[in-house]
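Written out below as structure tokens is the structure these notes cover.
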Amino acid sequence: MIKVSVMYPNSKDVKFDTEYYKNNHLPMVANKLGDALKGLELDLGIASKTPGELAPYVVIAHLKFDDVASFQAAFGPHAAVFAADVENYSNVQADLQISELVTF
């Protein structure tokens with residue numbers, strides 16, 4: 001299983017509409033990815049390792065898939081739609097990381 005982490009860097013100038021992201025963007029993504037999407041988790045950044053500093057990421061979405069190929073097949077056809085929606089909730093572009101999911 002793999003995890004695709006979509007990480008939105010935080011700074012004092014970042015604008016992020018968490019409610020839109022939770023209630024509109026992520027449901028749209030989940031709907032378009034269909035059965036290829038095996039799980040979805042959302043982290044809302046609240047703090048950093050240093051008291052008083054912003055969390056490094058304002059939001060991180062974790063999407064789970066069986067493998068990279070299934071992610072690419074499901075995500076690719078909709079990538080432009082997903083990217084176009086960013087302007088509705090944020091002024092920052094996300095970093096994306098694909099990881100092998102190892103559980104203990």
Side-chain angles (χ1 to χ4, degrees):
M1 178 152 301
I2 65 155
K3 178 170 63 173
V4 177
S5 298
V6 184
M7 306 174 291
Y8 292 87
N10 202 1
S11 75
K12 62 181 172 81
D13 299 322
V14 167
K15 292 178 175 57
F16 200 97
D17 184 341
T18 304
E19 292 305 309
Y20 181 91
Y21 191 70
K22 288 190 313 186
N23 297 317
N24 296 88
H25 184 76
L26 289 180
M28 181 258 301
V29 168
N31 181 283
K32 290 191 179 302
L33 295 176
D35 292 339
L37 181 64
K38 302 303 181 189
L40 175 60
E41 296 176 349
L42 183 62
D43 297 346
L44 304 175
I46 58 172
S48 176
K49 64 181 177 184
T50 304
E53 286 188 5
L54 296 171
Y57 296 96
V58 64
V59 167
I60 305 173
H62 301 285
L63 297 88
K64 297 176 185 174
F65 298 87
D66 286 331
D67 50 43
V68 174
S70 63
F71 160 67
Q72 291 171 333
F75 191 89
H78 308 290
V81 172
F82 299 157
D85 195 42
V86 172
E87 69 182 29
N88 292 314
Y89 60 86
S90 187
N91 64 342
V92 65
Q93 292 296 314
D95 296 325
L96 189 138
Q97 177 171 303
I98 300 173
S99 304
E100 180 180 354
L101 189 57
V102 178
T103 56
F104 295 87

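Only heavy atoms go into these numbers, but all of them, side chains included; no hydrogens, no water, no symmetry mates.
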Next on the checklist: If I compare all heavy atoms of Q93 with all of Y8, which pair ends up nearest, and what's the gap?
Outcome noted: C-CD2, 4.4 Å
Next on the checklist: Quick check on the 6.0 Å ring-centre criterion: do F65 and F75 meet it?
Outcome noted: no
Checklist entry - Pick one: which of L63, V29, V59 meets side chain to side chain contact (heavy atoms under 4.5 Å, CB included) with V6? => result L63
Checklist entry - What residue pairs, at least two apart or across chains, pass side-chain hydrogen bond (donor to acceptor under 3.5 Å, both in side chains) with a residue in residues 69-83? => result D67-S70
Checklist entry - Residues in salt bridge (Lys or Arg N to Asp or Glu O under 4.0 Å) with K22, at least two apart? => result E19
Checklist entry - Mind checking whether L101 and I2 have side chains closer than 4.5 Å, heavy atoms only? => result no
Item to check | Between NE2 on residue H62 and OG on residue S5, distance to nearest 0.5 Å | outcome: 4.5 Å
Item to check | OH on Y20 to OG on S90, rounded to 0.5 Å | outcome: 12.0 Å
Item to check | Validation row: M1, D66 side chains within 4.5 angstrom (heavy atoms) | outcome: yes
Checklist entry - Is the backbone of K15 close enough, under 3.5 Å, to the side chain of N91 for a donor and an acceptor to pair up by distance? => result yes
Checklist entry - Do you know the tightest heavy-atom contact between F82 and H25? => result O-CE1, 3.6 Å
Checklist entry - side-chain contact (heavy atoms from CB on, under 4.5 Å) between D17 and N88: does it pass, once the steps are laid out? => result CA-CA 8 Å; D17 184 341; N88 292 314; over 6 Å; no
Checklist entry - Nearest heavy-atom pair of A94 and P9: which atoms, and what distance? => result CA-CD, 4.4 Å
Checklist entry - If you measure from CD1 on I46 to CG on L44, what distance do you get to the nearest 0.5 Å? => result 9.0 Å
Checklist entry - Shortest non-hydrogen contact from K12 to L54? => result N-CD1, 3.6 Å
Item to check | Cluster overlap V4 with V92, hydrophobic side-chain contacts below 4.5 Å | outcome: yes
Checklist entry - Would a 4.5 Å heavy-atom cut-off, applied to side chains only, mark K64 and L37 as touching? => result no
Checklist outcome for this item: When rounded to the nearest 0.5 Å, the distance separating OH of Y89 from OG1 of T18 is 11.0 Å
Next on the checklist: Under a 4.0 Å threshold between the charged nitrogen and the carboxylate oxygen, would E41 count as salt-bridged to K3?
Outcome noted: no
Item to check | Candidate list I60, D43, L96, V58, test side chain to side chain contact (heavy atoms under 4.5 Å, CB included), partner M7, passing option | outcome: I60
Checklist entry - Quick one: side chain to side chain contact (heavy atoms under 4.5 Å, CB included) partners of P27, sequence neighbours excluded? => result none
